[in-house]
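Have a look at the structure below, then the notes.
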Amino acid sequence: MSKFTPAPWPRTLRSQEGWFGGTSKDNIYHRSWMKNQGLPADLFDGRPVIGICNTWSQLTPCNAHLRDLAERVKHGIYEAGGLPLEFPVFSPGESTLRPTAMMFRNLCAMDVEEALRGTPLDGVVLMVGCDKTTPALLMGASSVDIPAIVVTGGPMLNGKWRGQDIGSGTSLWQLSEDRKAGKISTEDFLEAEMAMSRSPGSCNTMGTASTMASMAEALGMALSGNAAIPAVDSRRRVMAHLTGRRIVQMVKDDLKPSDIMTKDAFENAIRVNGAIGGSTNAVIHLLAIAGRLGVELDLDDWDRLGRDIPTIVNLQPSGKYLMEEFFYAGGLPVVIKALGDAGHLHKDALTVAGETMWDQVCEVRNWNEDVIRPIEQALTASGGIAVVRGNLAPNGAVVKPSAASKHLMVHRGRAVVFEDIDDYKARINDEALDIDETCVMVLKNCGPKGYPGMAEVGNMGLPPKVLRKGITDMVRISDARMSGTAYGTVVLHTSPEAAAGGPLAIVQSGDMIELDVPNRRLHLDLPDAEIARRLANWQSRVKAPKDGYAFLYHSHVTGADKGADFDFLVGSRGKAIPKDSH
Ligand code: FES
């Protein structure tokens with residue numbers, strides 16, 4: 001049973017007060033301009049006005065079908081007695097934005113927040129898909145805290161090449177390493193390129209897009225089953241239609257993000273992330289969303305809650321299959337039910353449906369136990385995100401055990417240091433580089449301030465001379481992120497970052513580093529006095545931007561351990577509409 005008490009209905013909504021209700025000059029002004037779109041007068045009679053906040057963009061190819069899907073949302077809104085108004089927001093596309101889409105997640109979130117606050121909307125449908133669009137819209141909506149619901153664009157169909165399935169990102173990294181090792185030709189690689197992205201939709205692996213779609217559902221912010229439906233499946237359109245219907249009732253009930261995304265909801269999402277083998281990027285995004293809502297969440301919650309969670313979803317990059325098979329097996333509701341049966345779920349967490357999470361999933365069935373494994377046959381017994389700390393990462397760093405090599409989880413090795421991404425690119429293919437598979441690759445200055453934007457370069461490719469030996473993994477440490485589609489024994493988000501003067505900044509080639517994931521330790525084997533001496537002499541090689549958005553970003557971005565949000569955007573600011581200038 002949900003503890004939520006719906007608001008009384010009918011009542012006067014925000015869209016009426018000072019906007020579309022009444023006969024003042026201002027009311028007429030607001031309505032008459034809207035009517036140039038052919039909207040009949042009775043649509044302004046006090047019914048819920050619903051924004052459709054759309055990250056459609058041809059520069060975000062994963063979301064390029066969202067305009068079509070928005071039409072389905074509109075059907076549902078009209079049908080339920082609401083007035084839909086679609087609007088665009090800045091869309092940070094993962095594959096088409098430099099220096100990195102992550103640098104613009106906060107910009108998109110600001111765009112969403114102010115668009116919701118400054119316009120006559122009673123509720124909003126968040127149309128998302130590509131990696132940063134999902135957290136950005138959830139962040140913006142959380143800051144304003146009006147009724148909101150997510151519908152994602154859905155994943156692409158499986159890539160098909162030479163009789164095998166190939167997944168977004170994961171296969172790209174594998175094929176790239178194969179070409180470096182001489183196993184495939186450039187012509188082969190180009191042929192695979194044609195087969196990778198063969199339908200509309202987002203990445204079809206359990207990368208960041210699929211992870212964040214799953215997080216939205218696990219948080220209770222999307223209708224049950226939303227995450228896995230392929231973009232081109234007709235049931236995706238049904239989901240959009242139902243989402244449109246549902247937001248109208250949410251407005252009538254005044255069911256807001258802060259009612260749904262409670263600490264329990266975040267705890268559910270963290271456990272679900274462990275069970276799906278989700279992206280490390282979810283750590284940063286959930287911390288940022290929680291920050292907007294004033295929910296106390298930190299890195300230790302990730303480690304504590306994820307520790308006993310088995311990864312049961314057999315999807316790339318941790319496993320074998322792709323999102324299509326996940327959907328056919330029953331999708332995320334099956335995973336949530338398994339966690340509930342195992343005692344790992346806050347069953348009474350509220351969802352956008354107005355029902356509890358358990359109400360939503362308790363009767364679902366698993367249709368393929370190789371894709372969604374029973375807990376006793378999990379891929380990894382402890383699949384959550386591990387948080388390691390030590391003198392190299394006083395504020396923490398993260399590792400994804402389900403994507404790492406078991407034999408490297410405890411490892412001591414000689415550091416081979418790259419001062420920044422350009423240094424790495426310049427030297428990694430040098431046959432004279434003093435490196436072998438026992439070394440620890442260290443990459444600096446790729447954190448939020450350093451890159452800037454914290455690029456997904458933490459899973460740096462191995463040197464060709466190591467790859468030619470058939471070695472596919474080495475310990476890698478950085479303050480960068482990693483694509484959710486990537487894999488390897490990769491220590492990420494090291495905090496404080498090098499560009500902020502964290503200890504990572506003073507590691508030198510030849511230093512010894514110890515990684516001990518079971519004991520959550522990351523240690524630079526140097527005397528404290530030597531670390532202090534180097535830190536005292538350290539000077540940043542990163543030039544702080546002097547103007548534009550990059551200046552704002554560099555000046556105000558918080559550390560990865562705090563979600564890399566802007567310090568002045570943490571905390572909810574409510575839905576008060578700015579003063580009318582007319
Ligand atoms: Fe957009 Fe993967 S690049 S979803």
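Keep in mind it's a predicted model, so treat the numbers as computed, not measured. Indexing begins at 1, ligand by ligand and atom by atom, following the structure's order.
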(request) Return the residue, atom name and 0.1 Å-rounded distance of the protein heavy atom closest to atom 2 (Fe) of ligand 1. (result) Cys203 SG, 2.1 Å
(request) Using a 4.5 Å cut-off on heavy atoms from C-beta on, say whether the side chain of Met103 contacts that of Tyr451. (result) no
(message) Would you say NZ of Lys425 has more than 12 non-hydrogen atoms from neighbouring residues, nucleotides or ligands within 6.0 angstrom?
(response) no
(request) Go through the side-chain N and O atoms of Asn204 and Ser168 and say whether any donor and acceptor fall under 3.5 Å apart. (result) yes
At a 4.0 Å threshold, what atoms of ligand 1 neighbour a non-hydrogen atom of [X]?
X      : value
Ala209 : 4 (S)
Asp131 : 2 (Fe), 4 (S)
Ser202 : 4 (S)

(request) Please work out the angle at atom 1 (Fe) of ligand 1 defined by atom SG of Cys130 on one side and atom SG of Cys62 on the other, rounded to 10°. (result) 110°
(request) Determine the interplanar angle of the His556 and Phe566 rings, folded into 0 to 90°, and report it as parallel if under 30°, tilted if 30 to 60°, perpendicular if over 60°. (result) perpendicular
(request) Anything under 30° is parallel, anything over 60° is perpendicular, the rest tilted; go ahead and classify Phe104 against Tyr549. (result) parallel
